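Side chains are part of it too, since the values below use all heavy atoms of this structure and drop only hydrogens, waters and symmetry mates. For clarity, every value in this text was computed on a predicted model and none was experimentally measured.
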Amino acid sequence: MRPSTRVVIPHRGTDHDKTRLPGMLGREGRALLSATMLRRVASACRAAAQDVLVISPDPNLRRLAQELGVGFVLQRGLGMNEALVHAREMALADGVQRLAVVSADLPEVLPADIGALLEAGSGSASSVVIAPDRAGDGTNALVLHPPVAIPFRFG
């Protein structure tokens, strides 16, 4: 029997996203870019997994998540680690055995990428799968089996 898996997409909210681009894009442009990338990531995740949700302090993302056919959770507290601890607590309460975290800003992600991420380590009783960013100093995605395999230390 395959372990139950939940994919979580943490998102800071469109008002706080892409802050390095203010000279190139205004507030509306950054919000549109952020929403477009979230659409792409959520669609790729939804194609590879049944249980997908966005967690964010921005209640305005609820409607977009519903349009994309994924769940939405209004996070407690601020910061990515706090969001992921909240998502992990919910996953454990729901009996989820594997927790995947996928960055909301991966413009080139494909469903096959998410499928490969979820497949990696699936034959083990416990595993941690890390998809580093291109520079090798950040994490684009993470899969924890069980969800408490390691603490979150983003940032």
Joint cluster assignment, Ile150 & Val85, ILVMFWY side-chain distance < 4.5 Å: yes

Flag side-chain contact, heavy atom, 4.5 Å: Glu119 against Ser122: yes

Is a side-chain donor or acceptor of Arg88 paired with a backbone partner of Pro147 at a separation under 3.5 angstrom? yes

Residues Pro10 and Ala104: closest non-hydrogen pair is O-CB, 3.5 Å

Distance from Leu33 atom CG to Leu38 atom CG, nearest 0.5 Å? 11.0 Å

Distance, nearest 0.5 Å, that separates OG of Ser103 from CE of Met37: 8.5 Å

Looking only at heavy atoms, which two atoms of Thr139 and Ala141 are closest? And how far apart? CG2-O, 3.1 Å

Dump the intermediate steps for side chain to side chain donor-acceptor pair (under 3.5 Å) on His11 and Ser34, then the final yes or no. CA-CA 9 Å; His11 198 287; Ser34 176; 2.9 Å; yes

Hey, is the main chain of Pro146 close enough, under 3.5 Å, to the side chain of Ser126 for a donor-acceptor pair? no

Separation between CG (Leu64) and OG1 (Thr36), nearest 0.5 Å, reads 9.0 Å

Which heavy-atom pair separates Val109 from Arg40 by the least distance, and what is that distance? O-NE, 3.3 Å

If you measure from CG on Leu61 to CD on Gln66, what distance do you get to the nearest 0.5 Å? 11.0 Å

What I'd like to find out is whether the side chain of Asp113 reaches to under 4.5 Å of the side chain of Glu108, using heavy atoms alone. no

Show, in sequence, the C-alpha distance, side-chain angles and deciding distance for Phe152 and Leu144, and conclude whether the side-chain contact (heavy atoms from CB on, under 4.5 Å) test is met. CA-CA 10 Å; Phe152 297 113; Leu144 305 177; 3.7 Å; yes

What heavy-atom pair brings Ser127 and Ala149 nearest, and what distance separates the two atoms? O-CB, 4.3 Å

Cluster question for you: counting only ILVMFWY and a side-chain heavy-atom cut-off of under 4.5 Å, with indirect links fine, are Val101 and Leu53 together? yes

Could you see if Leu74 belongs to whatever hydrophobic cluster contains Leu68? Use Ile, Leu, Val, Met, Phe, Trp, Tyr and a side-chain cutoff under 4.5 Å. yes

If we ignore angles and hydrogens, is there a donor and acceptor under 3.5 Å between the side chains of Ser56 and Asp58? no

In the single-linkage hydrophobic clustering (I, L, V, M, F, W, Y; side-chain heavy atoms under 4.5 Å), do Val52 and Ile114 co-cluster? yes

Residue pair Ile9 / Cys45, side-chain heavy-atom distance below 4.5 Å: yes

Do you know which two heavy atoms are closest between Val41 and Asp105, and how far apart they sit? CG2-N, 4.4 Å

Would you say the side chain of Val8 lies within less than 4.5 Å of the side chain of Leu84, judging by non-hydrogen atoms? yes

Taking all atoms of both residues into account, what is the closest heavy-atom pair of Arg153 and Asn81, and its distance? N-OD1, 3.5 Å

Flag, side chain of Glu82 to backbone of Gly77, donor-acceptor distance under 3.5 Å: no

Are side-chain heavy atoms of Arg6 and Met90 found at a separation under 4.5 Å? yes

How many angstroms lie between NE2 in His145 and CG in Leu99, if you round to the nearest 0.5 Å? 11.5 Å

Do the side chains of Ile55 and His86 get nearer than 4.5 Å, heavy atoms only? yes

Is the shortest heavy-atom distance from the side chain of Val54 to the side chain of Val73 under 4.5 Å? no

How far does CZ of Phe154 sit from CE of Met80, to the nearest 0.5 angstrom? 4.0 Å

Show your working on side-chain contact (heavy atoms from CB on, under 4.5 Å) between Arg39 and Glu67 and close with a plain yes or no. CA-CA 9 Å; Arg39 276 188 177 88; Glu67 289 173 16; 3.8 Å; yes

Hey, is Glu89 close enough to Arg76 for a salt bridge, meaning N to O under 4.0 Å? yes

In this structure, which one of Val129, Val128, Val102 forms a side-chain contact (heavy atoms from CB on, under 4.5 Å) with Leu142? Val128

What do you reckon, is CG of Leu78 surrounded by more than 12 foreign heavy atoms closer than 6.0 Å? no

For Arg46 and Ser43, what are the C-alpha separation, side-chain angles and deciding distance, and is it a side-chain contact (heavy atoms from CB on, under 4.5 Å)? CA-CA 5 Å; Arg46 186 71 180 104; Ser43 295; 5.7 Å; no

